[in-house]
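Worksheet: the structure to be examined is printed underneath.
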Amino acid sequence: MKNNLWFDLLTPLLIIVSVASVTTSCDSDDDKPGDTGIDTGTLDATTPDAGSTDAITPDVIGTDTGTMEAGATDGSGETPEGSMPDAEPPLEKTEPVTTSLGTVIGEVLIDKRSKSKVHRFRGIPYATAPVGELRWKPPLPVEPWNETLECTEWPNRAPQPEDDIGLGTISEDCLYLNLVTPAERNGLLPVMVFFHGGGLTVHTGNSEVYNNTALPSAGVVVVTVNMRLGAMGYLAHPGLTAESEKSASGNYGTLDMIESLKWVRDHIHSFGGDKDNVTIFGESGGGTKVISVMASPLAAGLFHRAIVESGSSSVLMQTGDLATNEANGVTLQNALGITGNPADPATLAAMRAKTMDEIVATDYTTGLTVDGWVLEDTIPNVFQAGEQINVPLMCGAQTRDIATDLQEGVPALANLMSAIQPNTFVYVFSHLPANWRTQETCAAFHGLELPYVFGSIPEGLSAQIISMFAVPLCAEEPGYDEADDRVAEYGVKLWSQFAKTGNPNYDAMSVTWQAYAAGEGNDHYLEIADPLRVGTDPASAYITAPPAPLPEFTEYKNTEYGFTIEYPETWTDRDMEDGEIWRRSGLVGIPTLRVIVRSVTEGATLQEIFRAQMSATGKSFDDADFILSAGVEINGATYDKALVTYSSATYDYDSVIIGMKINSDTEWIIFEVYTISSRPFDPAELPDAILGTVIWD
């Protein structure tokens, strides 16, 4: 039975010249525009909880999947093993570029294929640092600066759990963008603004893949944005609502993205960009961000096209109402040990006095909020009413992407948009790198299109997040051949052509990509492969993953409480505080097995003790479905077990918990395994399978 459990769980479920002037580094913590000088603290390594979007590194899901870090450096200037830069090393610094805010200097890169020069600027501030009293407030325009900013290092990224993927220091002072533009330009160029993946909680726009030279060499200006995430970016709270001029709270991350678009409107011409031709695009959680901006009336007129990659299911997501999300904010307040009246300004002051790492450690359940200002209604309601910002749209996913996205989200978003926008185009990405093409077990997974879209081939295929999603159904090394070059050329041309005209078809294209319309036979899509192909019914292109090979097993022995757990050796250990023991899959961090010890003073029943556990980590147990079975005897021990289903802002989570009183009934020990709805539990088999791995000494 236990082997069947791991067999199911381990099938990939988501399968991320110096200038003679005074200069200041763009990402320096000193003398930065908007810097208040407040110490925002350091971040301890934490592990996300099941009810948080952090539990998926989509994006990471994505993680979101989020960020592809080929060519990343670790701060020492050396390229990590397995990564290579996409362009030649910087030849020199750019000439100063003067905006109405101040002057910046970037670096000159050479695109390895076209040999054309591009200028890259890393860490341009687009808003005032949201620290101190500005924490949990709408972003303010950045103040002008006097000294020339040298933008040649990665800027800060938003507060989030530490990882070894993202580039840049974690800091609350995170409202920066990166910009890559052709060195030679004839007139103003289309602008592509990229929102990174990782749900609404993790990752960054600081990436060699995203800030590569290929798209700019195709005649567009690329901007990648860092915005507030997690509790810093999406906390709703009664006190915050009360102090707001708009009687609204939450959605600060969305406001940051809108502020970045205002910066583009006002300053992009200095870098050769056309403020009247702006495309927003994002992958996984970045797709969620694109859809949230499309749903906000505050973004009207700031962009003119949109691309959603592997994030279309967000259009089905029921956005939280203000009262519910305020209650979640009070839960975070309590998790911080602040017991005052939520409406009391002193309570907010105490929350703002907490360090960044204390807040991140609460694992606040991140979500968008219907606040009546940024979002006037839920995202499904906005799109169903046709009230979203009406611009040409491209959307799609991979053949083995998250099933709910390709099979449900992409058709839903395409149907809703095509009802008001004739230039709606759907794609399915099916291409595989050379070594994976002949493997029956391998198919295009979540995030695989990113290196091809940004032209980061073959370097982007060596990114850590690609390898993580590939295991165990694809070969260790992806390989590379001329077909990969051709598909990267397709990706760059299709995306840049759409940005230029609102229609992705380009001259000499081997097929015609017809616009999508609802109805059988009209639901056209382009299959991005070698060669390009066309078809109808994109949901039918989904490929179910074959069974994964069974892993070898190892064991964890706990001498304090006298039990042993068998678990797959592919899992990683994460020793936590407060009596928690974690075993996390190497596949994007989930599924996760956790062992929790809690005092019986926190509850007399498993329901009460699990309510206390969720409350301690900033979750609302009241939103969970709890099905209890008492007195279950396995391996000679009596347990209470429960199937718990609850939802983060983006993903539904299934959690199976098994509890037993130990140490003369003074403590509870809880075994918990969780995953997301794309890999649901079988309630009839999973609890027994989990318990079957626990051996009491």
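Count residues from 1 along the sequence.
Applying the side-chain hydrogen bond (donor to acceptor under 3.5 Å, both in side chains) test to Ser599 and every residue at least two apart in sequence or in another chain returns Thr601. Listed by chain and residue number, Asn325 satisfy the side-chain hydrogen bond (donor to acceptor under 3.5 Å, both in side chains) test with Thr369 (two or more places apart in sequence, or in another chain). Residues passing the side chain to side chain contact (heavy atoms under 4.5 Å, CB included) test with Ala327, sequence neighbours excluded: none. Looking at residues two or more places apart in sequence or on another chain, you find no side-chain hydrogen bond (donor to acceptor under 3.5 Å, both in side chains) involving Asp625. The salt bridge (charged side-chain N to carboxylate O under 4.0 Å, His left out) test applied to Asp256 returns Arg228, not counting sequence neighbours. A search for side chain to side chain contact (heavy atoms under 4.5 Å, CB included) contacts involving Ala397 returns Ser310, Asp401, Asp405, Leu406, Val410, not counting sequence neighbours. Judged as a salt bridge (charged side-chain N to carboxylate O under 4.0 Å, His left out), and not counting sequence neighbours, Glu608 has no contacts. Not a single side-chain hydrogen bond (donor to acceptor under 3.5 Å, both in side chains) links Thr544 to another residue, sequence neighbours left out. In this structure Ile609 satisfies the side chain to side chain contact (heavy atoms under 4.5 Å, CB included) test together with Arg598, Glu602, Leu606, Trp668, Ile670, sequence neighbours excluded.
Side chain of Asp321 to backbone of Thr324: a donor-acceptor contact under 3.5 angstrom is found. At least one donor-acceptor pair closer than 3.5 Å links the side chain of Thr362 to the backbone N or O of Ile359. Remark: side-chain polar atoms of Asn226 are paired, donor with acceptor, to backbone N or O of Gly205 under 3.5 angstrom. Formation of a donor-acceptor pair under 3.5 Å by the Arg157 side chain with backbone atoms of Gly168 is found in this model. Of the possible polar contacts, one joining the Ser314 side chain to the Gly311 backbone as a donor-acceptor pair under 3.5 Å is found. The backbone N or O of His196 lies less than 3.5 Å from a partner atom in the side chain of Lys289, making a donor-acceptor pair.
Pairing each heavy atom of Ile170 with each of Ala158, the nearest pair is CG2-O, 3.8 Å. In plain terms, the two heavy atoms of Ala412 and Leu316 that are nearest each other are CB-CD2, 3.8 Å. Contact detail for Leu322 and Ser247: the closest heavy-atom pair is CD2-O, 4.0 Å. Closest heavy-atom contact between Leu235 and Gly329: CD1-CA, 3.6 Å.
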Stepwise side chain to side chain contact (heavy atoms under 4.5 Å, CB included) check, His446 with Arg400: CA-CA 7 Å; His446 192 73; Arg400 190 176 291 154; over 6 Å; no

Side chain to side chain contact (heavy atoms under 4.5 Å, CB included) between Gln398 and Phe445, intermediate numbers included: CA-CA 6 Å; Gln398 282 59 259; Phe445 46 79; 5.8 Å; no

Side chain to side chain contact (heavy atoms under 4.5 Å, CB included) evaluation trace for Ile258 with Ser296: CA-CA 9 Å; Ile258 293 171; Ser296 176; 3.8 Å; yes

Intermediate values then yes/no, side chain to side chain contact (heavy atoms under 4.5 Å, CB included), Lys354 and Ile338: CA-CA 10 Å; Lys354 292 293 183 179; Ile338 300 172; 4.0 Å; yes

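A 4.5 Å side-chain heavy-atom check between Met294 and Phe383 finds at least one atom pair inside the cut-off. Side chains of Leu240 and Tyr252 form a contact here, defined as non-hydrogen atoms less than 4.5 Å apart. Within the 4.5 Å cutoff, the side chain of Ile291 has heavy atoms near those of the Leu413 side chain. Met257 has its side chain within reach of Ser292: a pair of non-hydrogen atoms, C-beta onward, lies under 4.5 Å apart.
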Please report, to 0.1 Å, the donor-acceptor pairs under 3.5 Å made by any side chain of residues 346-353, with sequence neighbours excluded.
unit_1, atom_1, unit_2, atom_2, d
Thr347, OG1, Asn341, O, 2.6
Arg352, NE, Arg135, O, 2.9
Arg352, NH1, Glu243, OE1, 3.4
Arg352, NH2, Arg135, O, 3.1
Arg352, NH2, Glu243, OE2, 2.6

Result block: side-chain N/O donor-acceptor pairs under 3.5 angstrom for residues 374-381, not counting sequence neighbours:
unit_1, atom_1, unit_2, atom_2, d
Asp377, OD1, Asn381, ND2, 3.1
Thr378, OG1, Asn381, N, 3.2
Thr378, OG1, Asn381, ND2, 3.2

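Considering CG of Asn251 and CH2 of Trp373, their distance stands at 9.0 Å, rounded to 0.5 Å. The distance from the CE atom of Met227 to the SG atom of Cys174 is 9.0 Å, given to the nearest 0.5 Å. In this structure, CG in Leu175 is found 7.5 Å from CG in Asp173, a value given to the nearest 0.5 Å.
For the pairing with Thr288, the side chain to side chain contact (heavy atoms under 4.5 Å, CB included) check across Val315, Val308, Leu200 returns one residue only, Leu200. Under the side chain to side chain contact (heavy atoms under 4.5 Å, CB included) test applied with Gln160, the options Val202, Thr201, Val360 reduce to a single match, Val202.
Within the structure, every pair that satisfies the side-chain hydrogen bond (donor to acceptor under 3.5 Å, both in side chains) test and touches residues 230-242, not counting sequence neighbours, is listed here: His237-Gln333, Thr241-Ser249, Thr241-Glu326.
Of the N and O atoms on the side chains of Thr331 and Asn328, not one donor lies less than 3.5 Å from an acceptor on the other residue.
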